[in-house]
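A quick write-up on the structure given underneath.
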Protein chains: 2
Amino acid sequence: MASEVTLGELDSILGLRIRRAHGAVQRHFTDHFAELGLTQKQVSVLWLAGNHPGLAQTDLARALDTDRATTMALVHGLEKRGLLARTASSQPDRRRIAFQLTADGARLLERSRAAIAAHEAWLAARFTSDELVQLHALLARIYR
Amino acid sequence: MASEVTLGELDSILGLRIRRAHGAVQRHFTDHFAELGLTQKQVSVLWLAGNHPGLAQTDLARALDTDRATTMALVHGLEKRGLLARTASSQPDRRRIAFQLTADGARLLERSRAAIAAHEAWLAARFTSDELVQLHALLARIYR
DNA sequence: TATTGTTATACTCTATAACTATA
DNA sequence: TATAGTTATAGAGTATAACAATA
């Protein structure tokens, strides 16, 4: 019966499981960050900029595992919204452009921290602490 | 130094790890399926259609965890390329539209199986079989 | 009323290519 | 030559809203 269609053999494919897990996390994040108007990547940039004032786009690209062009679009959007700004500080390498949070950006980051904690709690609730440690370690092996 | 920027505290966030792992898997998949011209989702549809002739779009949407509209775009693309076709079979529910692979679709699916196996081998190589079992189980808890 | 398929629309993410300026 | 930033462009994935046909 067509109504019984499942992933079948696809269920044994790890890549698919990672994709589905990512999708579920992504949906939960989007739903709960709608009121803040931030995506997962945008929050990450605010967080990194808050912790590392003066970082450059290349630093962001490396930390976020994204292309330079993709990072540009991300940064550009945050600049337009007045959450991130370029600093006019003196840099040793004049190619690099330093960024820092604006006051609005810092405020939004603070509000985001609570939402991130709630999101992580939702995700972690289904695991024991041992399982969490293991899952962290296993996932890290994929991208490192 | 800006060159030392890392994920820092972000590294403790499971959601981010899942995202990065997904990104790494996605990139590997894209690179190795470029010659076949198929995305992960497209391969999944071919696979499911091959195993379940006559399935409907709703079945695909449920199995792939995607919106109906998103599934439409996916199916539409495969139809345009002549890999998937609608069947004129008699259905009990006339709203449902049955799909099946074309000859081209079946051929491409066969070629894909080898590529999928190679992709999975690349991914699984970093884990023991016990770890693989564990990772499968842990990930499934996120989306089920 | 609910479900299936459909279209229109929009936004995010991702990446490639080509360019400028600097190292 | 190599790196940092930039722009233009394009494709994939995701989702919402609104509609028609059918159950």
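Treat the numbers as computed from the prediction; the structure is a model and nothing was measured. Chain identifiers are assigned alphabetically (A, B, ...) following the order of the sequence lines, protein sequences preceding nucleic acid strands; residue numbering begins at 1 within each chain.
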Query raised in the report: Can you check the B:His22 NE2 to D:dA12 P distance for me, whole Å?
Result: 15 Å

Query raised in the report: B:Lys41 NZ to C:dC13 C1': how many Å, rounded?
Result: 14 Å

Query raised in the report: By salt bridge (Lys or Arg N to Asp or Glu O under 4.0 Å), which residues pair with A:Arg19, not counting sequence neighbours?
Result: none

Requested in this report: Identify, with sequence neighbours excluded, every residue that meets salt bridge (Lys or Arg N to Asp or Glu O under 4.0 Å) alongside A:Glu79.
Outcome: A:Arg86

Requested in this report: Check the distance between C:dA2's C1' and B:Arg96's CZ and give it to me in whole angstrom.
Outcome: 15 Å

**Report entry** d(CZ, B:Phe29; C1', D:dG11) in whole Å
**Finding:** 16 Å

Query raised in the report: Starting at the 5' end of DNA chain D and moving along, which residue's nearest nucleotide shows up first, A:Ala73 or B:Ala73?
Result: A:Ala73

Requested in this report: Would you mind checking if B:Asp59 and B:Arg62 are paired as a salt bridge, meaning a charged N to carboxylate O distance below 4.0 Å?
Outcome: yes

Query raised in the report: Just to confirm, is there a sub-4.0 Å distance from OP1 or OP2 of D:dT6 to any side-chain nitrogen or oxygen of A:Arg86?
Result: yes

Query raised in the report: Can you check the A:Leu16 CG to D:dG13 P distance for me, whole Å?
Result: 12 Å

Requested in this report: Sugar-phosphate means primed atoms, P, OP1 and OP2; the rest is base. With that split, encode nucleotides 15-23 of chain C 5' to 3' as B, S or - using protein heavy atoms under 4.0 Å.
Outcome: BB----BBS

Query raised in the report: Using a cut-off of less than 4.0 Å, is there contact between a side-chain N or O of B:Thr39 and OP1 or OP2 of D:dG13?
Result: yes

Requested in this report: Check salt bridge (Lys or Arg N to Asp or Glu O under 4.0 Å) between B:Arg126 and all other residues, then give those that pass, not counting sequence neighbours.
Outcome: none

Query raised in the report: Has A:Gln57 got a side-chain N or O lying under 4.0 Å from the OP1 or OP2 atom of D:dT6?
Result: yes

Report summary line: To the nearest angstrom, the NE2-P distance between B:His76 and D:dG11 comes to 16 Å

Requested in this report: Whole angstrom is fine here: how far is it from CG in B:Leu60 over to C1' in C:dT3?
Outcome: 16 Å

Query raised in the report: Does A:Arg19 place a side-chain N or O at less than 4.0 Å from the phosphate oxygens OP1/OP2 of D:dT14?
Result: yes

Query - Listed partners of B:Arg111 passing side-chain contact (heavy atoms from CB on, under 4.5 Å), at least two apart - result: B:Leu36, B:Leu108

Report task. Using a cut-off of strictly less than 4.0 Å, decide whether B:Thr58 has a side-chain nitrogen or oxygen near OP1 or OP2 of C:dG5. Result -> yes

Query raised in the report: Expressed in angstrom and rounded to an integer, what is the separation of B:Met72 atom CE from C:dT3 atom P?
Result: 19 Å

Report task. Using a strict 4.0 Å threshold on nitrogen-to-oxygen distance, state whether B:Asp104 and B:Arg81 make a salt bridge. Result -> no

Query raised in the report: Can you name the ring-ring contact (aromatic ring centres under 6.0 Å, His included) partners of A:Phe127, sequence neighbours left out?
Result: none

